[in-house]
Amino acid sequence: MLQIAVTGKPNVGKSSFFNSATSSTVEMANYPFTTIDANKAVAHVISDCPCKELDVTCNPRNSICIDGKRLLPIELIDVAGLVPGAHEGKGLGNKFLDDLMQAKVFIHVIDASGSTDIEGQPVEAGSHDPLEDIEFLEEEIVMWMYGILSRNWIRLVRKIEAEKLDIAKVIFDQLSGTGISLEDIIEAKRHMSNQEYNKWEKEDFIELTRNILDIAKPMLIVANKADLPTAAENIKKIKEKYPNVIPASAESEIALVRASEAGLISYVSGDSSFEILKEKKLSTNQLKALNYIKTNILDVYGSTGIQKALNEGIFGLLNRIVVYPVQDEHKYTDQKGNILPDGILVPKGANPRDLAYLVHSDIGDKFMHAVDARTNMRVASDYELKDRDIISIITKG
C-alpha cells in the first residue's frame, strides 16, 4: 500500500489532518510531542469508478465505491512533530526522520495563520512567518541525509576507484532503508552541476541530496487553519514560492465528517458543499459553525483541502493512475464473479506486465498478454496503461 507521511512542527494541526483524513482518533493537544510514535492508519484517494460509464453495479474488494466514486486505500503515517536541530538528534529528531523516510511522499502541514512559533508554541496570530517552517523542515531533512551521504566519503571514494564500483550503487547502499531507489539516484546524479564525485564538497552533497529528495520524496504543503483572518496573505506568499500548496482546514473537515456520520448533513470528503438534512436537530451553535465553514472555507477554497491533498499527493506528485484488472473481459469480473473488484494504483507509464506483477508476482511470472476489456482487443505488452483502464491479464497454464 502506498504511504504518505504527514509531517511538520508541533501544534500546526498534523494530528487533526491525520484524523480528518483517516477518521482515526489520534490524541490531539496543543503541546509538542503529542504524537510520540508514528501512528499509521488507512486513508483513501478518490477516483471516478467505471461502473457509471458501463452501467454496472460493481463489487469492490480492495476499495469502496460510493455513487460512482471509487475510494482507494493508502496508508498515512503521522510522525512526531519536528523541531529545529532534529538532524543533530534534538527533540525526537532521528526517530522522526527514520519514520518519515518510510513514505513515498511527504505532506507538510503548516499553520498558515502564523499563530505558532518555530517550535510550535502558541503566539499572537500573524506574528510568525510560516515560510520559515517550510524552510527549516526542508533544511532538517536535507542536512540529515547529507550526514548519511558524506559519512566516510573519502574512504568510499578510494574503494570506488580501487574496485571500479558504480558511484550510484555506492550512494544507493549508503541510503539503504530510506526507500530511495537506484533509478532515483541515477536521475539525481545526472542533474549534478559537478560530475566529478571525487572532488565533491559540502555544497555538492547538498545539491545531490536536494535532487534525490525532489525525485524520490516529493513534498506537498498543506496550509492548515486557512479560515483564520491572518492566513490569506501568508497563503499567497507561500504559493508564490512553492508549487504544491493546498489551503486547508482540518478542523472543518472533522466537523463535517462527524455531522455527516450523525446523519445531520449530507457530505462526502472532497465535496465543495454540504446539504443540511435535519435542521431541527441542530443547535444554534452547530448551525453557526456549519455556516462559518461554508463561508470561510468551502466558498473560498472549494473544499476543506483534506481530500484534495491526498489526491494530489498520489495522483499528482506520485503520478499514479487507477487500473482495474479483471479475469473476464466481457463481464468485467474476477474468477468469483465480482464486477470491477480491484482498483490498482499504478505509476503512469506502466504496462500490462507491470500491472500483472502488482497484482501478484506469480501472475507477473506467468504473464502472456493482456486484453482491453472495453474494446475486447488484445493490447501489446508495452502498451502504456491509461487511467481507468480495465485489463484482463492472460497467463500461461
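Worth saying up front: this structure is predicted, and the values here are computed from it rather than measured.
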Donor-acceptor pair, Lys189 side chain versus Ile171 backbone, under 3.5 Å?
-> no

Heavy-atom side-chain proximity of Ile64 to His44 below 4.5 angstrom = yes

His191 (side chain) donor-acceptor with Glu187 (main chain) under 3.5 angstrom = yes

For Glu253 and Thr304, which heavy atoms make the closest approach, and how far apart are they?
-> OE1-OG1, 2.7 Å

Return yes when atom CD of Glu124 has more than 12 non-hydrogen atoms of other residues, nucleotides or ligands closer than 6.0 Å, and no otherwise.
-> no

Got a donor-acceptor contact below 3.5 angstrom from the Asn224 side chain to the Val12 backbone?
-> yes

Side chains of Leu137 and His108: closer than 4.5 Å at any heavy-atom pair?
-> yes

Lys237, NZ atom: more than 12 neighbouring heavy atoms under 6.0 Å = yes

Value for CE (Met192) from CD (Glu207), rounded to nearest 0.5 Å, stands at 4.5 Å

Can you name the closest pair of heavy atoms from Pro130 and Gly114 and give their distance?
-> CD-CA, 4.4 Å

Should Pro50 and Arg374 count as side-chain neighbours, where that means a heavy-atom distance under 4.5 Å?
-> yes

Taking the side chain from Asp389 and the backbone from Lys386, do they hold a donor-acceptor pair closer than 3.5 Å?
-> yes

Approximate separation, where rounding is to 0.5 Å, of Ile185 CD1 and Phe172 CZ | 6.5 Å

Taking all atoms of both residues into account, what is the closest heavy-atom pair of Ala188 and Asn211, and its distance?
-> O-ND2, 3.2 Å

Rounded to the nearest 0.5 Å, how far apart are CD1 of Ile46 and CZ of Phe315?
-> 9.0 Å

Classify the angle between the aromatic ring planes of Trp200 and Phe205 as parallel (below 30°), tilted (30 to 60°) or perpendicular (above 60°).
-> perpendicular

Has the side chain of Asp387 got a donor or acceptor atom that lies under 3.5 Å from a matching backbone atom of Val322?
-> yes

Evaluate the side-chain hydrogen bond (donor to acceptor under 3.5 Å, both in side chains) criterion for residues Tyr292 and Asp227: first the C-alpha distance (whole Å), next the side-chain angles of each, then the deciding distance (0.1 Å), finally the verdict.
-> CA-CA 9 Å; Tyr292 176 88; Asp227 54 305; 2.8 Å; yes

Polar side chain donor-acceptor pair, Tyr197 to Asp204, under 3.5 angstrom | no

Taking all non-hydrogen atoms of both residues, which atom of Gly313 and which atom of Leu220 are closest, and how far apart?
-> N-CD2, 4.2 Å

Indicate if Val170 and Ile186 have the same hydrophobic cluster label, given that clusters are the connected sets of ILVMFWY residues with side-chain heavy-atom separations under 4.5 angstrom.
-> yes

Side chain Ser260, main chain Tyr267, donor-acceptor under 3.5 Å | yes

Compare every heavy atom of Ser381 with every heavy atom of Phe367, then report the nearest pair and how far apart it is.
-> CE2-CB, 4.3 Å

Under 3.5 Å, is there a donor-acceptor pair between the side chain of Ser63 and the main chain of Pro60?
-> no

For Val371, the option from His330, Glu329, Met377 that meets side-chain contact (heavy atoms from CB on, under 4.5 Å) | Glu329

Heavy-atom nearest pair, Lys104 first then Leu2, reads CG-CD2, 4.4 Å

Could you check if a side-chain atom of Leu345 sits within less than 4.5 angstrom of a side-chain atom of Ile74, using non-hydrogen atoms only?
-> yes

4.5 Å side-chain heavy-atom contact, Leu208 and Leu149 = yes

Partner of Leu310 by side-chain contact (heavy atoms from CB on, under 4.5 Å), out of Val222, Val105, Ile246, Val45 | Val45

Test side-chain hydrogen bond (donor to acceptor under 3.5 Å, both in side chains) applied to Arg70 and Ser47, step by step = CA-CA 5 Å; Arg70 186 65 73 108; Ser47 172; over 6 Å; no

Between the NZ atom in Lys217 and the CG atom in Leu318, the distance rounded to the nearest 0.5 Å is 10.0 Å

Just by distance, do the side chain of Asn11 and the backbone of Gly120 share a donor-acceptor pair under 3.5 Å?
-> yes

So, do Met145 and Ile180 sit near enough that their side-chain heavy atoms are less than 4.5 Å apart?
-> yes

Is a donor on one side and an acceptor on the other found under 3.5 Å between the side chain of Asp111 and the backbone of Ser115?
-> yes

Within-4.5 Å side-chain heavy-atom neighbours: Leu290 and Leu256 = yes

Is the backbone N or O of Lys331 less than 3.5 Å from a side-chain atom of Asp328, with the two atoms forming a donor-acceptor pair by type?
-> yes

Within a reach of under 6.0 Å around CD of Gln3, are more than 12 heavy atoms found that belong to other residues, nucleotides or ligands?
-> yes

Between Tyr146 and Lys202, is there a cation-pi geometry (under 6.0 Å to ring centre, at most 45° from the normal)?
-> yes

Distance-only donor-acceptor check, side chains Thr333 and Gln327, under 3.5 Å | no

Interatomic distance, Glu251 atom CD to Ile306 atom CD1 [nearest 0.5 angstrom] = 9.5 Å

Rounded to the nearest 0.5 Å, how far does OG of Ser272 lie from NZ of Lys294?
-> 10.0 Å

Positive for side-chain contact (heavy atoms from CB on, under 4.5 Å) with Leu385, one of Asn351, Asp354, Ile391 | Ile391

